[in-house]
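Below is one structure, written out as structure tokens; the observations come after it.
Numbered from 1 within each chain, the chains take letters A, B, ... in sequence-line order.
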Amino acid sequence: MTLGRQGSDAGKSPKAYLCARKPRKRMILRQEIAPLLKNPPVGTTVTVMGWVRAWRGNRFMVLNDGSGPETLQVVVDADQFPEEIIRSIGFHACVGATGTLAESQGSGQTVELIASSIQIFGKADLSKYPLQAKAQSMEFLRENAQFRMRTNTFSAVFRIRHAVAYAINKYFHDRGFYYLHTPIITGNDAEGAGEMFRVTTLDPINPPLDEAGKVDYREDFFGKATNLTVSGQLQAEIGALALGKVYTFGPTFRAENSNTSRHLAEFWMIEPEIAFADIENDMDLAEDFVKYLINFCLDNYLPDLEFLDERIQQAEKNLKAELRRPMGLIEMLRFVVQGDFERITYTEAVELILASTPYKKKKFQFPVAWGSDLQAEHERWLVEQHFKKPVIVRNYPKDIKAFYMRLNDDGKTVAAMDILFPYIGEVIGGSQREEREEVLRARMQEMGVHEEELAWYLQLRTFGGAPHAGFGLGFERIVLFITGMGNIRDVIPFPRAPKTADF
RNA sequence: GCCUCAGUAGCUCAGUCGGUUAGAGCGGCGGACUGUUAAUCCGUAGGUCGAAGGUUCGAGCCCUUCCUGAGGCGCCA
């Protein structure tokens, strides 16, 4: 039995993963299909276990066990097995098969398993089972999330999701960062990143009231009003100003009524925070980091990416040429990691948009002016039409950015940066943090952030402060980009969004 | 939260100008076949047309409200 496959663990002896004791008699022993097919031991007896992807001609059973996108065709001589066994084989039934691995007589695969014994683990009654052996809509599969990982598309998506998560931890670990767990329940109401979910144990029908007749949170579990976190950044800064380089990687919650294919109410976010760093260091780290994640998937999960690439091309075959993606998935991923991201200032971005053809032809719906935020249509023009590659925009007007971002010498802009990707828009938002106590205090006042709530945050500047910077990467957004999926709800196993909390 | 589109069989969809008994492909079920590649062939069952209300002699189709989904926008990662 082997764990791990194309990753850095591949090639190690399978024994390394088993405990030292000898296999017991009743222990289930199987070989996983993806590693088996890398170097197929033709002529030997093997046992595989998985779910039936296709059952053709009462003779050919195609198995997949999730170890990769690869399938193994099992040849079943119906006369050699009881009818009950044969009748139990069907789409997405769970089956084990033992037999001899042989060169395939057919043309769709190189090897196949000639079954000598078959074990039915779980039948799937096709008159009731919702999925079919054909292309199904993403929406339908989302409603049947208990089964969707058995499909080619979603098993590939979730293997890639794993790969990205692993690569994140590996990247930071290899570079001396420490993984910091910031709180999921927070008493800060000043994180400044949108609407929050209230966490309470008070009776919602009959809550305790204070003298003013308002809900008395002094009687709540934590003795104060608490919420689910919208960001671990402020706490990560504590870590950076002690451990030097830290990152967080955990769930984040935003109670915004966002109905788009790029937003979730519960998503995972990576927030590195580094001491002794300015906005330039921050951009260098962010660019190197996302390129690493993409390269890791290209190097270790290419079969899954190839499947997803093929799937997108099939889906877009019937679209008009101008609606199709200009590049295939893998082609685009290679393109992104090969070149430098374009780096421009907000001011330059505004100038470029004002000089653009769509602006002159009044194709943009929203006005463009220095001081207002770039609209999605402007960002898309910059990334997809003008530069045709990822773009980092930095030095935004201070009035449209958060209080903790470092004020530039011009007094008008802050050292903030957004990385914009084709198709998915903003994938990273970051900044150099304001380390000058008096400037920070003034900014908090300006933005209406109460000092007393963030006294500890200000103290990081009073005592042993340092220039520092960091950014937030939306985990599902980068998975969305790497898999080429169209909706962020399809790259998280159990999506949470407005009116959506099934499973 | 806003705009647009959609909701008809298990799935994907067609349904003309409001008119008799609502259709197809796939899937299911029954059978045939057995070196297939989403196998193929024959047969067959399956619908409260998203919900409620309204207009009309008559509504899948028109009107109102609501629910759900998709795409776009805003908020952001």
Side-chain angles (χ1 to χ4, degrees), chain A residues 52-62 71 73-79 86-87 90-92 102 104-109 112 114 124-144 151-152 191-195 230-233 248-249 251-271 286 290 314 323 364-366 372-380 400-402 418-421 424-430 471-481 486-490 492 497-500 502:
Chain A
V52 176
R53 286 289 169 82
W55 174 227
R56 293 186 288 256
N58 240 19
R59 185 171 177 83
F60 302 100
M61 175 174 74
V62 179
T71 54
Q73 172 162 287
V74 180
V75 182
V76 181
D77 184 349
D79 297 338
I86 298 301
R87 293 186 74 88
F91 183 63
H92 281 188
S104 178
Q105 296 174 40
S107 57
Q109 55 286 314
E112 59 193 14
I114 313 301
D125 181 351
L126 293 178
S127 65
K128 299 192 179 83
Y129 188 63
L131 270 52
Q132 297 172 28
K134 66 164 189 174
Q136 308 242 228
S137 70
M138 291 299 114
E139 294 78 24
F140 176 74
L141 292 169
R142 204 181 299 149
E143 287 167 14
N144 291 278
T151 65
N152 291 326
E191 289 174 356
E195 291 298 307
V230 292
S231 166
Q233 180 207 309
T248 73
F249 182 15
T252 308
F253 308 87
R254 305 256 170 105
E256 302 286 348
N257 194 8
S258 297
N259 292 291
T260 83
S261 56
R262 301 182 311 280
H263 289 86
L264 291 164
E266 176 183 294
F267 63 100
W268 288 62
M269 186 155 63
I270 301 94
E271 296 178 288
V290 284
Q314 286 293 323
L323 292 175
F364 289 134
Q365 194 192 333
F366 290 89
S372 57
D373 215 348
L374 300 177
Q375 300 293 317
E377 58 179 357
H378 308 138
E379 294 179 344
R380 292 194 66 154
I400 58 172
K401 288 290 179 181
D418 285 353
I419 301 189
L420 311 173
F421 262 47
I424 59 168
E426 184 178 344
V427 69
I428 280 179
F471 62 82
L473 168 73
F475 180 59
E476 283 77 15
R477 291 235 176 125
I478 194 69
V479 177
L480 193 60
F481 182 74
N487 191 315
I488 202 163
R489 299 180 190 194
D490 296 328
I492 187 167
K499 310 278 183 234
T500 303
D502 296 328

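Atom pair A/F364:CZ and B/G72:C1' shows a separation of 16 Å (rounding to whole Å applied). Rounded to an integer number of Å, the gap from CZ of A/R262 to P of B/A77 is 13 Å. For A/W55 and B/U40, the CH2 to C1' distance is 15 Å, given to the nearest whole Å. Protein atom CZ of A/F267 is 12 Å distant from nucleotide atom C1' of B/C75, rounded to whole Å. With rounding to whole Å, A/I492 atom CD1 is found 17 Å from B/A77 atom P. In this structure, A/H378 atom NE2 and B/G74 atom P are separated by 9 Å, rounded to whole Å. The nearest whole Å value for the distance from the CG atom in A/N257 to the P atom in B/G1 is 4 Å. Summarising the geometry, the separation between CD on A/E271 and P on B/C76 is reported as 15 Å, rounded to the nearest angstrom.
Contacts of A/Q375 with the nucleic acid, taken as non-hydrogen atoms under 4.0 Å apart, involve only primed sugar atoms and P, OP1 or OP2. Within the nucleic acid shown, A/A54 comes within 4.0 Å of sugar-phosphate atoms alone, with no base atom in reach, counting heavy atoms only. Note on A/D418: nothing from the nucleic acid sits closer than 4.0 angstrom, heavy atoms only. Base engagement by A/Q109 is indicated by at least one non-hydrogen atom pair under 4.0 Å involving a base atom. A/F140 comes within 4.0 angstrom of the backbone, heavy atoms only, and of no base. A/T71 comes within 4.0 angstrom of no nucleic acid atom, judged by non-hydrogen atoms across all strands. At a threshold of 4.0 angstrom between heavy atoms, the contacts of A/A376 are confined to the sugar-phosphate backbone, with no base atom among them. Within 4.0 Å of A/G472, counting heavy atoms only, lie sugar-phosphate atoms of the nucleic acid but no base atom. Using a 4.0 Å heavy-atom distance criterion, A/S137 is classed as a sugar-phosphate-only contact. A/K499 comes within 4.0 angstrom of the backbone, heavy atoms only, and of no base. As judged by a 4.0 angstrom heavy-atom cut-off over every strand, A/I428 is placed among residues touching the sugar-phosphate backbone only. Among the protein residues, A/F366 comes within range of the sugar-phosphate backbone only, with heavy atoms under 4.0 Å from sugar or phosphate atoms but none that close to a base. If you check every strand for non-hydrogen atoms under 4.0 Å, A/E139 touches sugar and phosphate atoms only. Among the heavy atoms of the strands lying under 4.0 Å from A/E112 is at least one base atom, whether or not backbone atoms are also near.
Here the nucleotide nearest the side chain of A/R254, chosen from B/G71, B/C76, B/C26, is B/C76. Closest to the side chain of A/S261, out of B/U37, B/G72, B/C75, is B/G72. Comparing B/A70, B/A77, B/G35 by their closest approach to the side chain of A/R489 singles out B/A70. For A/R87, whose side chain is taken as the heavy atoms from C-beta onward, the closest listed nucleotide among B/G71, B/G28, B/G31 is B/G31. Distances from the side chain of A/N487 to the nucleotides B/G35, B/C76, B/A70 place B/A70 closest. Residue A/K134 has its side chain nearest to B/C11 when only B/C11, B/G74, B/A77 are considered. Here B/C11 is the nucleotide among B/C11, B/U37, B/G72 with the atom lying nearest to any side-chain atom of A/Q132. Closest to the A/D373 side chain, of the nucleotides B/G35, B/C76, B/G74, is B/C76. Which of B/G71, B/C73, B/A70 sits closest to the side chain of A/R142 comes down to B/A70.
The base of B/A38 is not paired with the side chain of A/R53 by any donor and acceptor separated by under 3.5 Å. In the interface, the side chain of A/R59 is not paired with the base of B/U36 through any donor and acceptor atom under 3.5 Å apart. The base of B/C29 is not paired with the side chain of A/S127 by any donor and acceptor separated by under 3.5 Å. Judged by distance alone with a 3.5 Å cut-off, no donor-acceptor contact links the side chain of A/Q136 to the base of B/U12.
When every heavy atom of A/F91 is checked against every heavy atom of A/A124, the shortest pair comes out as O-CB, 3.7 Å. Of all heavy-atom pairs between A/A102 and A/I114, the closest is CB-CG1, 4.0 Å. Shown here for A/Q109 and A/E112, the closest heavy-atom pair between the two residues is NE2-OE1, 4.2 Å. Closest heavy-atom contact between A/R489 and A/L264: CG-CD2, 4.0 Å. Of all the heavy atoms in A/V427 and A/L473, the pair that sits closest is O-CD1, 3.4 Å. Residue A/S258 comes nearest to A/H263 through the heavy atom pair CB-CB, 3.7 Å, listed as atom of the first residue, atom of the second, then distance.
Nucleotides B/A70 and B/G31 are separated by 41 Å at their C1' atoms, to the nearest Å. Annotation: B/G23 and B/U44 have their P atoms spaced 15 Å apart (nearest Å). Nucleotides B/U4 and B/G46 place their P atoms 41 Å apart, quoted to the nearest Å. The C1' atoms of B/C76 and B/C17 are separated by 49 Å, rounded to the nearest whole Å. Comparing the same atom, P, in B/G50 and in B/C61 gives a spacing of 8 Å after rounding to whole Å. Using P as the reference atom, B/G54 and B/G43 are 46 Å apart when rounded to the nearest Å. Taking the C1' atom of each, B/C13 and B/C5 are spaced 16 Å apart, rounded to whole Å.
Between A/H378 and A/F366, the ring centre distance reaches or exceeds 6.0 Å.
Secondary structure note: stems in RNA chain B built from 3 or more consecutive Watson-Crick or G-U wobble pairs under 3.5 Å occupy B:1-7 with B:67-73, B:10-13 with B:23-26, B:28-32 with B:40-44, B:50-54 with B:62-66.
For B/U36, neither phosphate oxygen OP1 nor OP2 lies less than 4.0 angstrom from any side-chain nitrogen or oxygen of A/R56.
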Assess the residue pair A/F60 and A/V76 against the criterion (side-chain contact (heavy atoms from CB on, under 4.5 Å)); give the C-alpha distance rounded to whole Å, side-chain angles, the decisive distance to 0.1 Å, and a yes or no.
CA-CA 6 Å; A/F60 302 100; A/V76 181; over 6 Å; no
